Number of protein chains: 2
Amino acid sequence: MSQDERKDIHNSDIPLVCQACEVRHQGVCGALEAEQLLKLSKHTIRKVIPSGSELHRGGEDSDRCSNIMGGVAKLSKLMSDGRQQIVGLQFAPDMVGRTFASESTVAVEAATDVRLCSFPRSVIEEIMSEAPELEHRLHLQKLKELDEARDWMLTLGRKSAVEKVASFLFLLATHIDPEKASDDKSVTLELPMKRSDIADFLGLTIETISRQLTNLRKRGLIDIQDRRTVIIADIDRLKSAMEQDLSK
Amino acid sequence: MSQDERKDIHNSDIPLVCQACEVRHQGVCGALEAEQLLKLSKHTIRKVIPSGSELHRGGEDSDRCSNIMGGVAKLSKLMSDGRQQIVGLQFAPDMVGRTFASESTVAVEAATDVRLCSFPRSVIEEIMSEAPELEHRLHLQKLKELDEARDWMLTLGRKSAVEKVASFLFLLATHIDPEKASDDKSVTLELPMKRSDIADFLGLTIETISRQLTNLRKRGLIDIQDRRTVIIADIDRLKSAMEQDLSK
DNA sequence: CGCCTTCTTGAGGGGCGTCAAGCCCAGTGG
DNA sequence: CCACTGGGCTTGACGCCCCTCAAGAAGGCG
């Protein structure tokens, strides 16, 4: 097995599990040398989390981090009386987990089935201290998440219900299969979560989500194939619906 | 000048401007050696930004970053029709600025008079590449901002108007003069911004802010000394008002 | 087919926005 | 000194957007 037919510089000593990894170069692992990948891969577990189950309970400690290989995870916060707010969605190749002990009050749950590459927090932190480039990549990812969180604060604080739903659909269209951003202006969206999750993401109720989806449908902005499949007729018109109240 | 009466290891070669800096050890500069401080200090400008003026216009490029030495800066986002959302407040010793080209669509404005230590982005990024500990500190700060942003998303999406105002007052009480977190349960708050800013921070209108402040006053949770000064009677009662609707 | 969860649609009510009037206070100028 | 002005704030009246409650439709699965 030491005889590898693709014996170029980059692949010779890279763990097989990483060689086969489709998101390695986009994720934080792209910053790692073969030696470090080997170290990390000794502690990794690949697993599939079924839709609806938790990767990390909010408010509890967790000493594991995971790269998302596929699927969608949701980050949520819970109030004592049960009110809930989803504060972010994570897609491949994002890394989830509370590095440096932050993110403690956020729960992580699989929205769809999620494929993970999971490892102990201590190992990734140790490698970070040796490989600044790894911390740099993670830093950049967190800066992106911060930008997205602040974008969403504008949506939560200042947009109407229609605008919120349009913003949600646009977010999905630009994050799921971004390479499939076709030449065409129409996009077929597989909604990765149910109405109650969408409501918790947008700070609305399920009834309002439902009403605004039919509102958008009646205006010809979207077509609803089935409850989980939405066809965006024209992504540009949807984009303009994000800032323009269509309630009247 | 090479003769320094405090010739201990730590201070001998540290620039005078940094020796005098009251937030140096708490801010990101705490990660720097004398040599790096010297390099950075050659490009720093200390200045005071008067309340209301912009440090950075949203959507524009900026090649400067700044440490906040004192005062409060607000980060805001603007929609094309004028709706606005404040997405964060920054206090000393936070660093503001778009390192690694993120944060582009966020405007930074002085809420109060703000004392800054400002330097070019290129210099801080260069030093970061030499000193991973500096990037680590900045990374930790951004993780804290991400946590705060997500906390605030819960506030924006799921809390009632009273709860939002209570949350705002609590946020200020715990961020302004945190050392003055006295033995006493009552806290005198100097509001760093006017009602319209508070409204933009909470996703409400100025009228609602005003009404909910008097609501909290009538319930004995706060005392309003003048329009800019609020006395929190009991910080614990205020905290519980953050999750409990008092509209009835 | 029955049962459960999820979703849609309608009717009614309430919380917050909108509009408007007036107060407070600092700044300015006569 | 006071009148005038203008920005910031408060308070009231009213209306609308979205929540609440409820009923029923649509799937999914044993």
Side-chain angles (χ1 to χ4, degrees), chain A residues 50-53 79 81-85 111-113 155-168 190-218 222-230 241 244-248, chain B residues 50-52 79 81-85 111-112 155-168 190-218 222-230 241 244-248:
Chain A
S51 166
S53 57
M79 288 174 65
D81 59 2
R83 281 177 283 176
Q84 194 172 9
Q85 176 67 45
T112 64
D113 288 355
T155 300
L156 289 174
R158 286 306 185 197
K159 291 188 185 174
S160 70
V162 218
E163 293 171 331
K164 284 182 176 181
V165 173
S167 300
F168 171 71
E190 196 68 18
L191 301 186
M193 53 222 276
K194 52 188 180 182
R195 300 291 185 271
S196 65
D197 284 335
I198 302 176
D200 284 340
F201 192 32
L202 292 170
L204 298 169
T205 59
I206 52 174
E207 295 93 332
T208 300
I209 302 298
S210 183
R211 276 187 258 269
Q212 297 305 338
L213 280 174
T214 66
N215 179 6
L216 289 174
R217 177 173 58 75
K218 286 181 180 169
I222 62 174
D223 195 31
I224 301 178
Q225 205 152 50
D226 65 69
R227 32 182 65 176
R228 283 293 189 118
T229 318
V230 169
Q244 198 170 315
D245 203 330
L246 297 180
S247 59
K248 299 150 192 174
Chain B
S51 166
M79 289 174 65
D81 59 1
R83 280 177 283 176
Q84 196 172 7
Q85 176 68 44
T112 64
T155 300
L156 290 174
R158 286 306 186 196
K159 292 188 185 175
S160 69
V162 219
E163 292 172 331
K164 284 182 178 180
V165 173
S167 301
F168 171 71
E190 195 69 19
L191 301 185
M193 54 224 274
K194 53 189 180 182
R195 299 290 186 271
S196 65
D197 284 335
I198 302 177
D200 284 340
F201 192 31
L202 294 170
L204 297 169
T205 61
I206 52 173
E207 295 93 332
T208 300
I209 302 297
S210 184
R211 276 187 259 268
Q212 298 304 340
L213 280 174
T214 65
N215 179 6
L216 289 174
R217 177 173 57 74
K218 286 181 179 167
I222 63 173
D223 196 32
I224 301 177
Q225 203 150 52
D226 66 69
R227 32 184 66 180
R228 283 294 189 119
T229 318
V230 169
Q244 198 169 317
D245 203 330
L246 299 179
S247 59
K248 299 152 191 179

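No experiment lies behind these values; they were computed from the predicted model shown. In what follows, every chain begins at residue 1, and chains take the letters A, B, ... in the order their sequences are listed.
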Of all the nucleotides listed ([options]), which has the minimum atom distance to the side chain of [X]?
| X | options | value |
| --- | --- | --- |
| A/Thr214 | D/dC18, C/dT9, C/dT18 | C/dT9 |
| B/Lys194 | D/dC9, C/dC16, D/dT20 | D/dC9 |
| A/Thr205 | C/dG10, D/dC18, D/dC19 | D/dC19 |
| A/Leu204 | C/dC19, D/dC18, C/dC16 | D/dC18 |
| A/Arg195 | D/dC18, C/dT8, D/dC9 | C/dT8 |

Take the protein atom [atom1] of [X] and the nucleotide atom [atom2] of [N], then report the distance between them rounded to whole Å.
| X | N | atom1 | atom2 | value |
| --- | --- | --- | --- | --- |
| B/Ile224 | D/dG8 | CD1 | P | 18 Å |
| A/Glu207 | D/dA25 | CD | P | 17 Å |
| B/Ile206 | C/dT18 | CD1 | P | 11 Å |
| B/Lys164 | C/dC16 | NZ | P | 8 Å |
| B/Asp226 | D/dG8 | CG | C1' | 12 Å |

field: DNA chain C: 5'-proximal contact among A/Met193 and A/Arg158 (nearest heavy atom)
entry: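 Nearest-nucleotide comparison on DNA chain C picks A/Met193.
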message: Between A/Arg211 and C/dT8, is there a contact of a side-chain N or O with OP1 or OP2 at under 4.0 Å?
response: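 Looking at the OP1 and OP2 atoms of C/dT8, neither is under 4.0 Å from any side-chain N or O of A/Arg211.
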message: Please determine whether a side-chain nitrogen or oxygen atom of B/Thr208 lies at a distance below 4.0 Å from atom OP1 or OP2 of C/dG17.
response: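 Yes, B/Thr208 has a side-chain N/O under 4.0 Å of OP1/OP2 on C/dG17.
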message: Under 4.0 Å, counting only non-hydrogen atoms across every strand here, what does B/Arg227 touch: a base, just sugar-phosphate, or nothing?
response: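 It contacts base atoms.
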field: Within-4.5 Å side-chain heavy-atom neighbours: A/Val230 and A/Gln225
entry: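 No; the side chains remain at least 4.5 Å from each other.
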query: Is any side-chain N of the basic residue among B/Arg158 and A/Asp200 closer than 4.0 Å to the acidic one's carboxylate O?
result: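 Yes, charged N to carboxylate O under 4.0 Å.
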field: Whether A/Arg83 side chain and B/Gly157 backbone form a donor-acceptor pair below 3.5 Å
entry: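 No; judged by distance alone, with no hydrogens or angles, the pair does not exist.
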field: Check: A/Glu163 side chain, A/Ser160 main-chain N or O, donor-acceptor pair, under 3.5 Å
entry: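 Answer holds: yes.
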